[in-house]
Amino acid sequence: RRVEVEDHDRLIDEAKVLIDDPQRTTAEAPREGQTLLIEMGWDDQNAVLFEGEVTEVEVIEHACAPRQLRLRALDLSFRIRQRPIAPRNHTGTLSAILREIVSRAPATGIAVGTITVDPDTEYTDRNPLRQTTQNDWDFVQAQARRRNSRAFVEFNANQSKFYFLPIAA
C-alpha cells in the first residue's frame, strides 16, 4: 500500500511499510530482527533504496477495513547503537578507531566504506580518546560533529557501508 523511507544526515535512516493483508497471509512472515530491503525499479534496472533491521511489526485490524500490516525498520547503524555502553580508552588514529568500532563484534552486516579524517589525529596511551558514557554510534556521531563531518550508513554496491566524510566534501 505504502512505503516511506526517511534519509537523515545525522540520524539513523528509517523505513515504514504498510501492507494490505485481507487474507491474513503475511502476519506471520515479518519479524523483529529480520533484514528488510526496499528496492525500486524493474527487473533489469533497479536500485536498493534501503537496507535495515525490522524493529516493529504491527497488525492493524478495524471492524470495517481490510487487515493491514505495518513494518518499521531502521538502517543497520541501529545495530551499532544497540551495543551496550562499554567505557574505553581508544588509541591510534581516529580513522583506525572508527574502522575498529564499525568492525567490532557482534557483527552488524556493515562494511567500512570511505573514512576521510583531516587531520587524522593520533591518540596514544598517554592521551587516549575516551569513550565513557556513550554507546558506539553516539560516540561516532560526537566525533563527526567535532570534526565538522558526517557519519552515516548507506547501501552501496550491494551492501551497507559506513562513511565518515567532511561536510565540505
Side-chain angles (χ1 to χ4, degrees), residues 1-86 98-115 131 133-146 148-167 169:
R1 162 98 30 200
R2 181 175 63 233
V3 175
E4 296 175 22
V5 177
E6 295 181 25
D7 188 38
H8 298 281
D9 280 346
R10 291 204 187 266
L11 301 175
I12 295 173
D13 296 346
E14 178 182 45
K16 296 176 185 175
V17 180
L18 185 63
I19 303 166
D20 285 335
D21 188 25
Q23 271 68 34
R24 300 171 181 250
T25 57
T26 59
E28 296 302 316
R31 293 276 183 245
E32 288 89 354
Q34 291 178 327
T35 300
L36 174 69
L37 281 175
I38 297 177
E39 295 181 68
M40 290 189 72
W42 298 266
D43 288 340
D44 60 339
Q45 292 183 333
N46 60 17
V48 174
L49 299 179
F50 178 87
E51 179 184 35
E53 181 174 320
V54 176
T55 59
E56 293 177 30
V57 178
E58 178 184 5
V59 176
I60 303 166
E61 293 186 278
H62 299 290
C64 297
R67 177 183 160 128
Q68 294 180 318
L69 192 64
R70 183 179 303 146
L71 306 177
R72 177 178 182 252
L74 298 173
D75 79 32
L76 297 186
S77 58
F78 167 76
R79 293 177 178 168
I80 296 174
R81 191 156 200 261
Q82 291 302 101
R83 292 178 184 155
I85 294 172
L98 294 170
R99 280 184 184 81
E100 188 274 325
I101 288 172
V102 171
S103 304
R104 181 183 305 153
T108 59
I110 302 170
V112 175
T114 304
I115 296 177
Q131 178 181 354
T133 61
Q134 294 173 309
N135 64 55
D136 285 347
W137 189 248
D138 291 344
F139 177 77
V140 166
Q141 289 299 323
Q143 299 313 309
R145 279 191 302 279
R146 286 186 187 124
N148 205 25
S149 296
R150 296 282 192 256
F152 55 94
V153 172
E154 290 292 328
F155 191 88
N156 288 323
N158 294 319
Q159 67 184 120
S160 286
K161 295 181 181 179
F162 170 79
Y163 296 90
F164 191 98
L165 301 170
I167 292 173

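Model, not experiment: these values are computed from the prediction.
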Checking F152 now: which residues fulfil ring pair (Phe, Tyr, Trp, His ring centres under 6.0 Å) with it, not counting sequence neighbours?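 Applying ring pair (Phe, Tyr, Trp, His ring centres under 6.0 Å) to F152 gives Y163.
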In Å, rounded to the nearest 0.5 Å, how long is the span from [atom1] of [X] to [atom2] of [Y]?
X    : Y    : atom1 : atom2 : answer
I110 : I101 : CD1   : CD1   : 12.0 Å
T108 : L76  : OG1   : CG    : 7.0 Å
F139 : T133 : CZ    : OG1   : 10.5 Å
L69  : L18  : CG    : CG    : 8.0 Å

4.5 Å side-chain heavy-atom contact, [X] and [Y]:
X    : Y    : result
E51  : T35  : yes
H8   : D75  : no
E154 : D13  : yes
E6   : K16  : yes
Q143 : S149 : no
D136 : Q131 : yes
E32  : V57  : yes

I'd like to check the salt bridge (Lys or Arg N to Asp or Glu O under 4.0 Å) partners of R99; sequence neighbours left out, ordered by chain and number.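 With sequence neighbours excluded, R99 shows a salt bridge (Lys or Arg N to Asp or Glu O under 4.0 Å) to no residue whatsoever.
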Once salt bridge (Lys or Arg N to Asp or Glu O under 4.0 Å) is applied, do any residues pair with R145, and if so which ones, sequence neighbours excluded?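 Salt bridge (Lys or Arg N to Asp or Glu O under 4.0 Å) check on R145 returns nothing, list empty.
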For residues 54-66, which residue pairs pass the salt bridge (charged side-chain N to carboxylate O under 4.0 Å, His left out) check, not counting sequence neighbours?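 Every salt bridge (charged side-chain N to carboxylate O under 4.0 Å, His left out) pair that includes a residue of residues 54-66, provided the two are not neighbours, is R24-E61, E56-R72, E58-R70, E61-R67.
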Is there a side chain to side chain contact (heavy atoms under 4.5 Å, CB included) between I80 and V140? Walk through the geometry before answering. CA-CA 10 Å; I80 296 174; V140 166; 5.7 Å; no
Taking distance alone, no hydrogens or angles, what donor-acceptor pairs closer than 3.5 Å link side-chain atoms of residues 37-49 to residues at least two apart or in another chain?
{"unit_1": "E39", "atom_1": "OE1", "unit_2": "N46", "atom_2": "ND2", "d": "3.1"}

Those residues that, when tested against E53, pass side chain to side chain contact (heavy atoms under 4.5 Å, CB included) (two or more places apart):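 Partners of E53 under the side chain to side chain contact (heavy atoms under 4.5 Å, CB included) test: F78, R79.
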Write down the atom of [X], the atom of [Y], and the distance for their closest heavy-atom approach.
X    : Y    : result
Q159 : A111 : NE2-CB, 3.0 Å
Q34  : R31  : OE1-N, 2.7 Å
A73  : G52  : CB-C, 4.5 Å

Is the number of heavy atoms from other residues, nucleotides or ligands under 6.0 Å of R1 CZ greater than 12?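 Counting other residues, nucleotides and ligands, CZ of R1 stays at 12 neighbours or fewer.
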Does T114 form a side chain to side chain contact (heavy atoms under 4.5 Å, CB included) with K161? I'd like the steps, not just the answer. CA-CA 8 Å; T114 304; K161 295 181 181 179; over 6 Å; no
Exactly one of F164, W137, F162 should register a side chain to side chain contact (heavy atoms under 4.5 Å, CB included) with V102. Which one does?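 Filter result, single survivor: F162.
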